Each structure stands twice: as structure tokens, then as C-alpha cells.
Colleague: 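What follows is a single structure, and I will ask about it in a moment.
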Amino acid sequence: MPAAPMRNLYLRTARPPFAAPPLQGAVTADVAIVGGGYTGLSTALHLAEMGLKPVVVEAGEIGHGCSGRNGGQVNPGLKLLPDEVEAHWGADLGRRMLALSYGAPDVVFGLIEKHGIDCAPARTGTIRAAIDATGIAGVRALVEQCAARGGPVRFLDAAEMKAATGTGLYLAGALDARGGHLNPLGYARGLALAAQRAGAVLYANSRATSVQRDGSGWQVTTAGGRVTAPELVIGTNGYTGDLWPGLKRTIAPVWTNIAATDPLPEAVRRTIMPSGAALYEAAWDVVYYRLDDEGRLLMGGRGPQRDARGPQDYRHLVAYAEKLWPQLRGVAWPWQWHGQVAVTQDHFPHLTAPEKGVHLMLGYNGRGVAMATVSGRIVAARIASGGTAVVDLPVRNRLEPMPFQRFWRIGAEASMSWHLLLDRLRGR
Ligand SMILES: Cc1cc2nc3c(=O)[nH]c(=O)nc-3n(C[C@H](O)[C@H](O)[C@H](O)COP(=O)(O)OP(=O)(O)OC[C@H]3O[C@@H](n4cnc5c(N)ncnc54)[C@H](O)[C@@H]3O)c2cc1C
């Protein structure tokens with residue numbers, strides 16, 4: 001069955017507009033960047049602000065990948081708990097990674113303010129919500145470990161969760177005041193505009209078809225031209241192809257779907273997420289949702305591990321929303337789209353510098369609005385310092401392929417079926 005055309009809400013709601021021409025002919029740059037999502041755009045913006053000339057080539061329009069499709073949640077922190085991060089990377093690097101990731105929303109909202117980006121930013125907090133005993137334990141651990149590090153994270157009991165969300169389904173939650181939400185495509189376009197104003201050059205509809213050594217630097221070739229630069233950045237995340245040998249074997253490009261309503265009638269809207277926070281559930285199939293600035297409900301979660309083929313591939317999200325808030329029954333969900341997030345084996349983002357002048361940055365495990373933004377800044381700082389800057393992410397010098405990566409789709413589908421069966425047995 002063929003893929004259904006996507007109905008991506010942000011193509012309707014995102015401002016400002018941003019149009020870049022395709023690359024034609026040969027250009028030179030200080031840094032050639034492949035990928036026009038947050039990673040590539042943030043790298044370009046920060047490089048240009050440091051006086052270097054970056055050139056970005058993007059296969060589609062700017063924000064074509066995850067950055068123009070995501071849930072818009074600006075989540076503080078990494079996928080793993082703070083204690084786990086420090087246990088994995090040691091006290092020094094672990095602590096710096098925590099400062100980077102929990103401080104990442106400050107960077108996002110700071111860039112929005114500095115560059116006047118028109119993307120409906122709302123610093124209303126992020127809630128991690130527990131639906132079972134395991135979730136409660138996770139939420140408690142998050143609150144305690146963040147509090148121990150001075151983080152503004154509050155435990156919400158079931159009654160407080162009901163007040164915050166309008167549904168009685170949740171047993172507990174952790175509210176992190178550092179988080180919030182925004183219009184993701186608007187944010188991507190705003191970053192692009194800021195980068196362009198700072199001196200970066202951006203080309204859209206210019207898929208890089210090869211990268212090869214060119215003397216001491218690199219040449220990126222597209223159908224219409226080529227970019228030559230001493231430094232190369234690849235930020236293609238879940239849309240990584242065969243451009244750099246082995247890169248796509250380091251991630252699983254997992255599909256996730258979103259369904260959205262039109263602006264809800266005021267009486268209904270007032271009863272849903274009164275806190276205005278963004279929320280994700282602590283569960284195997286991470287459900288995530290928020291209201292946007294015009295009162296639409298955006299409901300994200302698992303999908304089939306292929307391009308969606310029609311409304312049937314979003315029906316479970318609508319059914320779940322109606323379970324949370326029965327007053328939604330009968331409301332239409334005209335917006336439905338999907339995308340591929342890059343999941344890594346160790347759940348950490350991967351910055352790899354496998355050769356001189358090459359920087360491969362990807363794998364945000366569904367937290368890239370904040371993490372890709374700060375990672376782009378880190379890549380820019382490394383390049384500007386000639387590779388000497390101490391950065392707050394581990395820098396790998398070789399790619400680490402996922403075991404059995406070729407079979408990721410079978411693994412993801414099997415895991416989903418197994419968990420769905422368990423949920424049914426538990427009556428969830
Ligand atoms: C449905 C969905 C919901 C999500 N929700 C959230 C959320 O709420 N919060 C959160 O923090 N994160 C979320 N994420 C993840 C987040 O969007 C990503 O982590 C982030 O956008 C990654 O940015 P990026 O620039 O690395 O990748 P992308 O934005 O995917 O950009 C990569 C770009 O590379 C381009 N490209 C690929 N190959 C080539 C080539 N050969 N030549 C030129 N260009 C190329 C692609 O076209 C693409 O535009 C979600 C993702 C999806 C799909």
C-alpha cells in the first residue's frame with residue numbers, strides 16, 4: 001500500500017517563511033554542513049557568529065526532517081536519569097553533560113529571544129507522567145536526582161496531576177520548570193534566518209550525493225554543484241543515508257506519529273492541560289502531547305515502522321486522547337503526520353570525529369529540540385577552536401555501529417507487539 005500524503009500542521013502554522021535556493025555551481029566555505037535541521041542550522045548560526053563562513057546543503061526545504069515535524073517539546077535533560085549519566089561517563093564529564101542538557105532549554109529560549117524568532121515559545125514546563133508503579137518510581141527518582149543537583153523539578157501527586165492535565169489517569173508526575181514548547185518548524189526557519197543574517201549560506205532542495213577528500217579538506221557534491229571546505233559537518237539524524245560509510249548503522253531511525261485537532265472550542269480547551277505544560281509519559285511507548293498557542297491538541301506516539309498509509313495509522317492516538325479526555329469524542333483530527341527519530345544504542349547523542357575535519361552529530365533519542373540546538377553550538381565551538389575546545393559531550397573517534405542494526409525494524413515491531421500484548425493482559 002502506498003504512503004498517504006502527510007498533513008503536517010506546521011506547514012500551515014509555522015512562521016517566518018524561509019526559502020533557500022538550490023545549490024548551483026561550485027562554492028567554497030570554511031565549513032560544509034549537510035542537513036538543514038536544528039543540528040546543521042545551529043552549527044551554521046554559531047559558526048557564522050564567530051566569523052566563519054558555513055554553507056548548508058539540505059535535501060528538502062529547511063526543516064524538512066524531524067525539525068519541521070516534531071512535537072515541539074523543549075525537554076530538559078537526557079533520556080537517562082542524572083545518576084545513570086554520571087555512572088556511565090564519570091563524575092566530571094557526566095556532570096558537564098547534565099549541565100549541558102538540563103541547561104539546553106535556556107539556550108533554545110535564549111536564541112528565540114535574541115533573534116526574535118516567531119515560533120510561539122511557551123516556557124510552561126515539561127511533565128513526565130507516570131501511568132503505573134514503574135513510572136512512579138522513575139518520576140520519584142528524577143525529582144530526587146534533579147533536586148539533589150538544584151534543579152527546579154517538583155513531584156506532583158495524582159490530584160496535582162489531575163489539576164495540571166485535566167485527566168485522572170495519571171498516578172504521579174515530575175514537573176520541570178525549565179521545559180516548555182514551541183512551533184518546531186517556525187523555530188527551524190527562525191534559526192535559518194538568523195544564520196543567514198549572520199553570514200551563513202543555505203541551499204535547499206540540494207541533496208548531498210557524495211562527500212570526498214579534496215586535498216586537505218572535503219568536497220560535498222549535489223546534483224547542481226559542489227561545496228569545498230576544510231571542515232565537514234553531517235547532521236542528518238533519522239534521515240541519514242549512505243553519504244558517510246557506516247553512519248546509518250549507528251542509529252535506529254524509529255518512526256513516530258502525531259495527530260492534531262483544529263483549535264478546540266473554548267469550553268473543551270479549558271479542560272485539557274490547564275497547566276499549559278508539555279507532557280510525555282514514562283512508558284514503553286512514549287505518548288507525548290501539548291496544546292499549541294491557538295488551542296489545538298497535538299498528540300504524539302508510536303506508529304507503524306513505515307510511512308503511514310492513512311488515518312488508520314493514527315487511530316490509536318485519537319482513541320488514547322479520548323480515553324484521557326472523553327469530552328474530545330466527536331472532535332475532528334485533520335492533521336496527521338510522522339517522522340523518523342534517531343535512537344542510539346546507549347541512548348546518548350553521538351558526536352564522532354572519525355577523520356581530521358569531519359564532525360558527525362546525531363542521535364538525540366527524541367530530545368533534539370533542545371539537544372540538537374546545543375550540540376550544533378558544541379560542534380561550532382570545536383571547529384572554531386581547531387578541535388582543542390573541551391566540550392560537554394563525549395567525542396568519539398570512530399563510529400560505533402548498533403549490533404543487529406540491519407534488523408532494527410523487526411526488533412522495534414516485535415518489542416511493540418510484545419508490550420501491546422502485556423498492556424492488553426493488564427487491561428490498559
Ligand atoms: C514526530 C516527531 C516528534 C518528535 N518530538 C520531539 C519533541 O517533542 N521534542 C524533542 O526534543 N524532539 C522531538 N523529536 C526529535 C527531534 O525532532 C529531532 O531530534 C531533531 O529535530 C533533530 O534535528 P536534526 O537537525 O539532527 O535532524 P533533522 O531535523 O531530521 O534534519 C536532518 C536533515 O538532513 C537532511 N538530509 C538527510 N540526508 C541528506 C543529504 N544527503 N543531503 C542533504 N540533506 C540531507 C534531511 O532532509 C533533514 O532535513 C521528534 C521527532 C519526530 C519525527
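Every number for a ligand or one of its atoms is a count from 1 in the order of the listing. Residue numbers start at 1 and run along the sequence shown. Please read all numbers here as calculations on a predicted model, not as lab measurements.
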Colleague: With backbone taken as N, CA, C and O and side chain as the heavy atoms from C-beta onward, which portion of Asn257 lies under 4.0 Å from ligand 1: side chain, backbone, both, or neither?
Modeller: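 It is neither part, as no heavy atom is under 4.0 Å.
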Colleague: Consider every N or O of Gly63 and every N or O of ligand 1, then say whether any pair is closer than 3.5 Å.
Modeller: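 There is no such contact.
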Colleague: Answer yes or no: is there an ion pair linking Arg123 with Asp176, defined by an N-O contact shorter than 4.0 Å?
Modeller: no
Colleague: Given the side-chain rings of Trp337 and Trp255, with only the six-membered ring counted for Trp, is the space between their centroids under 6.0 Å?
Modeller: no
Colleague: For Gly235 and ligand 1, answer yes if some heavy atom of the residue is under 4.0 Å from a ligand atom, otherwise no.
Modeller: yes
Colleague: Just to check, does His338 reach to within less than 4.0 Å of ligand 1 when the distance is taken from its heavy atoms?
Modeller: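 No; His338 lies far enough from ligand 1 that no heavy-atom distance drops under 4.0 Å.
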Colleague: Tell me the protein heavy atom at minimum distance from atom 33 (C) of ligand 1, and give that distance in Å.
Modeller: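 Looking only at protein heavy atoms, the one closest to atom 33 (C) of ligand 1 is Glu58 OE1, 3.5 Å.
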Colleague: Taking Arg69 for its side chain and His64 for its backbone only, find out whether a donor-acceptor pair lies under 3.5 Å.
Modeller: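 Looks like yes, one N/O pair under 3.5 Å.
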Colleague: Check for me whether the distance between the ring centres of Tyr38 and Tyr364 falls short of 6.0 Å.
Modeller: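 For Tyr38 and Tyr364, the ring centres are not under 6.0 Å apart.
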Colleague: Could you pull out, from Asn75, Ile234, Val341, the option with a heavy atom nearest to atom 52 (C) of ligand 1?
Modeller: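 Looking at heavy atoms only, the winner is Val341.
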Colleague: Among Tyr364, Tyr288, Tyr280, Tyr38, which one has a heavy atom closest to atom 3 (C) of ligand 1?
Modeller: Tyr288
Colleague: Counting non-hydrogen protein atoms only, what is the nearest one to atom 43 (C) of ligand 1? Give residue, atom name and distance.
Modeller: Ala59 N, 3.2 Å
Colleague: Looking at Ile258, is its backbone amide N or carbonyl O close enough to the side chain of Gln336 to form a donor-acceptor pair, meaning the two atoms are under 3.5 Å apart?
Modeller: no
Colleague: Can you check which of Arg69, Arg290, His64, Gln73 brings a heavy atom nearest to atom 9 (N) of ligand 1?
Modeller: Gln73
Colleague: Is there a heavy atom of Gly300 sitting under 4.0 angstrom from any atom of ligand 1?
Modeller: no
Colleague: Do me a favour and list the nearest non-hydrogen protein atom to atom 34 (O) of ligand 1 with residue, atom name and distance?
Modeller: Gly35 CA, 3.4 Å
Colleague: Taking salt bridge (charged side-chain N to carboxylate O under 4.0 Å, His left out) as the criterion, tell me which of Arg197, Arg377, Lys114 meets it with Glu49.
Modeller: Lys114
Colleague: For the residue pair Trp335 and Tyr10, is the inter-centroid distance of their aromatic rings smaller than 6.0 Å?
Modeller: no
Colleague: Tyr280 ring centre to Arg128 NZ or CZ under 6.0 Å, with the angle to the axis within 45°?
Modeller: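 Ring-cation test returns no.
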Colleague: Nearest to atom 1 (C) of ligand 1 by heavy atom, Asn365, Thr256, Leu243, Asn237: which?
Modeller: Thr256
